[in-house]
Amino acid sequence: MEEKLVEVKKLLAHPKKIVITSHRNPDGDAMGSSLGLQLFLDQFGHDTTVVLPSDYPDFVAWMKGSERILIHDDTPQEADKKLKAADIIFVLDYNGLDRVDKMGEVIGALTDTTKIMIDHHLYPDDFCDFTFSDTSASSTCEMIYDFIIGLEEQEKLTIPLGECLYSGILTDTGSFKYSTSSKLFRVVAGLKDMGVDDTELQNLLFNSLPEKNLRLLGYCLNNCMEILPEYKTGIISLTKEDYEHFDIQRGDTEGIVNYLLMMKEIKLAAFITEQPTIVKISLRSKGDFSVQEIAKRHFRGGGHKNASGGASFKGLRSTINKFKRVLPDYKEALNQL
Ligand code: 5GP
Ligand code: MN
């Protein structure tokens, strides 16, 4: 067993107060890895709490333990109290304290608390005592599976835990469209052998939309899409008014950006939305073109080579224009793809 894992195994050998954290606007991987790890740690008799900066979307609300999650936006004092009382804090599916907003200040100040990062994003910050970073992993959920196997605790992989992990893998790989590896398929085979019902999970995660979401998708593709052939780029943008008109809630816009990449010629996709206080930008790319660099350099963000995000504090129009102004720098690279 790797030295780091031996030390973590020792730490987990006796009951501890453990807080599991993940990033703002939690997605399937953030939720699956957090609740999956909680289901694992609960079997040791630890006192565990999942604390997230903001609420989770409806499509993951079925996951076991979701009702016990503390949302920092809703109950900041209770959440901070848990963080401050923890012996161990897990940092899952994020690698910089700026991804957890106000919680980041609290976590950063807790110098005596053991922090364990498990994450697959590029360029992890150095603020944890143990950093498990694997940028080749499809998802943090895949890494949690490896973590459990690495600790030689495979008998603790229960079906509800497997369902959480499988969900993060499914959502972060777009149902095995990207970030796959032969090793991932072995992990997935292991989960299926355990009895995880993948068809049921597909239905829970992807075939559970309310009608308004499909109408929103149709609207985005028909009315809000701009194609810039010169840069092999597509943009979809939504205004505050669109948010009101379609009653867009958390998670309702998940996956829309990917539709742009269904066009053969499109190599770079941007989904730009007007939120109450910021403009959010989601970027996707095909092949050897890094959107991480664009997100980091121009939109205070980051992520992965082919999927990144960021934000801007200017208005929607200015943000779209800023994105367009950046494109000439990447024209050559985009046209080589
Ligand atoms: P999405 O576009 O689906 O929100 O996010 C795509 C990827 O980029 C995810 O891995 C997510 O964690 C990352 N990401 C999204 N927004 C931000 C951001 O504001 N900052 C950083 N560092 N990463 C982000
Ligand atoms: Mn992830």
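What you see below is based on every heavy atom in this structure, not just the backbone, and it leaves out hydrogens, waters and symmetry mates. All ligand and atom numbering here is 1-based and tracks the order in the structure.
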Tell me whether the guanidinium CZ or amine NZ of [X] lies under 6.0 angstrom from the six-membered ring centre of [Y] and within 45° of its axis.
| X | Y | answer |
| --- | --- | --- |
| Lys156 | Phe44 | yes |
| Lys4 | Phe132 | yes |
| Lys322 | Phe299 | yes |

Contacting atoms of ligand 1, where contact means under 4.0 angstrom from a heavy atom of [X]:
| X | answer |
| --- | --- |
| Gly302 | 8 (O), 13 (C), 14 (N), 20 (N), 21 (C), 22 (N), 23 (N), 24 (C) |
| His121 | 9 (C), 10 (O), 11 (C), 12 (O) |
| His304 | 10 (O) |
| Ser282 | 1 (P), 2 (O), 4 (O) |

Report task. Would you please indicate if the ring centroids of His46 and His14 are separated by under 6.0 Å? Result -> no
Query raised in the report: Do Phe59 and Phe206 make the cut of ring centroids closer than 6.0 angstrom?
Result: no
Query raised in the report: Applying a strict 4.0 Å limit to heavy atoms, is Lys280 in contact with ligand 1?
Result: yes
Query raised in the report: Hey, is Ala311 one of the residues with a heavy atom under 4.0 angstrom from ligand 1?
Result: no
Report task. Can you figure out which of His23, Glu254, Gln292, Arg99 has its heavy atom closest to atom 12 (O) of ligand 1? Result -> Arg99
Between [X] and [Y], how do the two ring planes meet: parallel, tilted or perpendicular, split at 30° and 60°?
| X | Y | value |
| --- | --- | --- |
| Phe40 | Phe147 | perpendicular |
| His120 | His304 | tilted |
| Tyr219 | Phe246 | tilted |

Query - Carboxylate-amine/guanidinium contact Lys192 Asp198, below 4.0 Å - result: yes
Query raised in the report: When only distance counts, is Asp93 in polar contact with ligand 1, meaning an N/O pair under 3.5 Å?
Result: no
Query - Over 12 foreign heavy atoms within 6.0 Å of NZ, Lys183 - result: yes
Query raised in the report: With a cut-off of 2.8 Å, which protein N/O/S atoms are close to the Mn ion (ligand 2), if we only count those under it?
Result: Asp29 OD2, Asp93 OD1, His120 NE2, Asp172 OD2
Report task. Specify side chain, backbone, both or neither for Arg284, according to which of its non-hydrogen atoms lie closer than 4.0 Å to ligand 1. Result -> side chain
